[in-house]
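Shown next, in structure tokens, is the structure this report addresses.
Proteins come first, then strands; the chains are lettered A, B, ... in the order of their sequence lines, and each starts at number 1.
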Amino acid sequence: MQLTNRSKVVVNKEMTFAEKIYLPAILSGLLITIKHLFRKKATVKYPEQTRPVAPVYRGWHVLKRDEQGRENCTACGLCAVACPAEAITMTAAERKKGEEHLYREEKYAAVYEINMLRCIYCGLCEEACPKEAIFLTDRMVPSDMVRTNFIFGKDKLVEGTEADKRIDVSLRAKAHRHQ
Amino acid sequence: MEFLLIKFVLVVIVFAVSLGIAAYSTYAERKIAAFLQDRVGPDRAGPFGLLQPLADGVKMFMKEEIIPSNADRLLFILGPCIMMMTACMTGVVIPWGHGLEINGTFYPVQITDINIGILYVFGVVSIGVYGIMIGGWASNNKYSLMGAIRASSQMISYELAMGMAVIALIMTTGTLSVREMVEQQHGIHWNVFTQPLGVILFIVCAFAECNRTPFDLPECETELVGGYHTEYSSMKLGFYLFAEYINMFISSAIIASLYFGGYNFPFIDQLGLSPNMLSIVGTLIFFGKIFFFIFFFMWIRWTIPRFRYDQLMHLGWRTMIPLGILNILGTGIYVLYKNGQLHF
Amino acid sequence: MNPSLPFFVLATLSVFSALMVVLSRKPVHSVLYLIFCFFTIGGHYLLLNAQFLFAVHIIVYAGAIMVLFLFTLMFINMNKELEPHKTNLLKGAATVAAGCLLLVMVGVTKGAESLAANSNRTDVGTVANLGKALYGQYLLPFELISILLLAAMVGAVLLGKKSVE
């Protein structure tokens, strides 16, 4: 089956004199390479420049809090079930008296871990979540030397309570609603 | 005594310039490779990465020195030494400029003008192959040996064709001294116009003699790991790599002075400058030509893929040598015709 | 400085390296000593003002022929067990042959003493003079040698060619 019209049938034909002396072919090759000397460079000088990341990029997860700073997650486990890579584990706990300002509902996740080495960043956890608690963000997961450091607990997943530590997922949430 | 002092200063300058240019050729190679591939190249060490050769040198020195336990120790060390020595020796006969006249005495910018100049170059180049052969054999490694053998057969084959190209040149110039050859090309009477085929032959052979792509089979990574320097590390490897760049610089200088007028440039007499000034301008132009040929070496390297070994031998023996003989024949007829000794 | 000092230094080195060619255990070392020996002989040519001969000697012998020697020797895995056994007859024949060569050499050098007086001219070995001698006085032998070389070359090509069925 022919997919493109760029394929060329190989024929073992006798070369013409111009082809046999190589020099014209070499000259045309040199012309091609010298043109590249003046082309725009494809390099991104990384630490100084960064490539633009789409705002709906699927990277490092965040566990959202509501407007009053309470965690949305109720440890229902739907995300763990939805996860095709089985990267998510959690332990549920009951909210005690006096913890109402920390957790929105009576049940919450005492431990919530995502193994970032297993995660395939598909975003199914986000779709499964009934409480709009988990979202994927445009932050990259940094590299590390030790495998255990890639198991992200709540310390790395839950966003901060202060206004400047909140992580904006409005675009991602909007993209969801349109689906 | 003064003679010796001047020659000593000249030797030091030529040596330092060769090493400096070779060092920056490594940088230029990486930069040009990058530019031809739409990349940026080394730009972290210093402004535009200009300190990169220094960083590379420090890296080379800091690496562990390894001599394989079954290697022939003495020859293993001798290999890179010969390579470096022969690379540095060729610069002696190249006329870098016409010369300066100071207080009535004329000082030519050339270390020595021996009357067999071009043969001296050939002699030194033909010794250079021992650096590769000895190093490759002493490593006691089959890849090194293969590289050494490829290098030796390639060098011998292309030295012949190179000699043929130069014989035709000697027929038109009538001298073996490089300085006289350059002086004869005054203005725009460059040898490239009388020896167009010779230039192509000479440049192709120079590529082969320097082990540069498309003739870099001795260190062919895809087949021979690292070729003759597979077992080398640290500064011994550095010597091999560095010698390659010195060779490239020297062969560029020889191509420029034999065929492209050396320190001569068009309209040299119409400028109306003093002889000393002209000489300085001529030297600068000579270096401009050298840099162009160094660029050309690199330009070719990043354009053409490597030859297969049988293609290399085929090209050397069945194309270059017959063409060389044809060139000699043609040049002979041309010389006779020019002298009015040819009657039809 | 004694004017013949360079000669004696070079001569000592030549004899030493020539001996080492024979005495070295490894064949590759022998070849390298032989190359060194060629260089010292080249030095003698230079002392006699024969620069062209020096250059050609280095290019042809040290640069090309010895590379081929080294080339073949590198392929050979020589060690004690594989060394061919030499009979006394062979050894005797070798001694006689070497003795004959020595006699010839002594005879040649005896006749050359009268030539030494002539070699004070400094320009005798330059390219121009050599060329004039080769293409003037010795034209016939020179051309005969070139025909011989051509014949040898054609023969080598014929031998090297695959036989056509």
Side-chain angles (χ1 to χ4, degrees), chain B residues 72 74-75 78-79 82 86 89 93 112 114-140 142 144-160 162-163 166 170 174-177 180 209 228 317-318 321 325, chain C residues 20 24-36 38-39 42-43 45-46 49-79 122-132 135 146 150 153 156-157 160-161:
Chain B
D72 191 318
L74 184 72
L75 293 185
L78 193 66
I82 294 182
T86 52
M89 268 167 72
V93 291
T112 174
I114 45 180
N115 63 13
I116 48 159
I118 191 70
L119 287 182
Y120 168 85
V121 174
F122 272 86
V124 173
V125 167
S126 64
I127 298 309
V129 69
Y130 285 112
I132 294 178
M133 286 189 83
I134 290 174
W137 181 78
S139 303
N140 200 11
K142 61 182 164 188
S144 301
L145 186 67
M146 291 289 281
I149 279 162
R150 281 182 175 194
S152 55
S153 46
Q154 173 182 329
M155 294 279 238
I156 293 177
S157 314
Y158 281 82
E159 223 164 72
L160 278 176
M162 199 181 206
V166 169
I170 293 168
T175 176
L176 288 175
S177 151
E180 275 177 48
E209 292 284 307
Y228 58 90
W317 288 95
R318 297 226 208 135
I321 291 178
I325 294 174
Chain C
M20 286 311 286
S24 303
R25 282 251 158 256
K26 286 185 186 168
V28 170
H29 287 196
S30 290
V31 169
L32 293 177
Y33 275 116
L34 190 54
I35 294 162
F36 186 68
F38 282 153
F39 269 95
Y45 289 143
L46 271 189
N49 261 313
Q51 295 123 336
F52 183 73
L53 200 56
F54 162 74
V56 171
H57 182 76
I58 296 298
I59 295 170
V60 174
Y61 284 94
I65 292 183
M66 291 324 286
V67 172
L68 290 178
F69 268 60
L70 205 55
F71 188 93
T72 28
L73 274 179
M74 279 178 177
F75 282 116
I76 303 170
N77 188 16
M78 281 214 191
N79 45 32
T122 51
D123 58 342
V124 80
T126 56
V127 193
N129 285 322
L130 195 72
K132 275 181 190 132
Y135 287 97
S146 64
L150 186 67
M153 221 157 77
V157 170
K161 255 187 130 169

- Message: Could you go through C:I58 and B:F122, starting from their C-alpha distance and side-chain angles, then the distance that decides it, and tell me whether this counts as side chain to side chain contact (heavy atoms under 4.5 Å, CB included)?
- Response: CA-CA 9 Å; C:I58 296 298; B:F122 272 86; over 6 Å; no
- Do other residues, nucleotides or ligands put more than 12 heavy atoms under 6.0 Å from C:Y33 OH? no
- Verdict with reasoning, C:L32 to B:L75, per side chain to side chain contact (heavy atoms under 4.5 Å, CB included): CA-CA 10 Å; C:L32 293 177; B:L75 293 185; 3.5 Å; yes
- Query: In terms of heavy-atom pairs under 4.5 Å, which option from B:D72, B:L119, B:L160, B:I149 contacts chain C the most?
  - Reply: B:I149
- Task: Answer with side chain, backbone, both or neither: which region of C:H29 has an atom nearer than 4.5 Å to a non-hydrogen atom of chain B?
- Result: side chain
- Item | Approximate separation, where rounding is to 0.5 Å, of B:I82 CD1 and C:I35 CD1 | 8.0 Å
- Tell me, for C:A62 versus chain B, whether the close heavy atoms (under 4.5 Å) come from the side chain, the backbone, both or neither. both
- Item | Heavy-atom closest contact (C:V67 atom, B:Y130 atom, distance) | N-OH, 3.3 Å
- Is there side-chain contact between B:I134 and C:V28, with heavy atoms separated by less than 4.5 Å? no
- Note on the structure: Under 4.5 Å to a heavy atom of chain C? For B:L74 that would be neither
- Query: Does some side-chain heavy atom of C:L73 sit less than 4.5 Å from a side-chain heavy atom of B:W137?
  - Reply: no
- Query: Relative to chain C, which segment of B:S153 carries a heavy atom at a distance below 4.5 Å: side chain, backbone, both, or neither?
  - Reply: both
- Note on the structure: Hits for side chain to side chain contact (heavy atoms under 4.5 Å, CB included) against B:M89, two or more places apart or cross-chain, chain-then-number order -> B:M85, B:Y120, B:V124
- Item | Which atom of C:F71 lies closest to which atom of B:M133, heavy atoms considered | N-CE, 3.8 Å
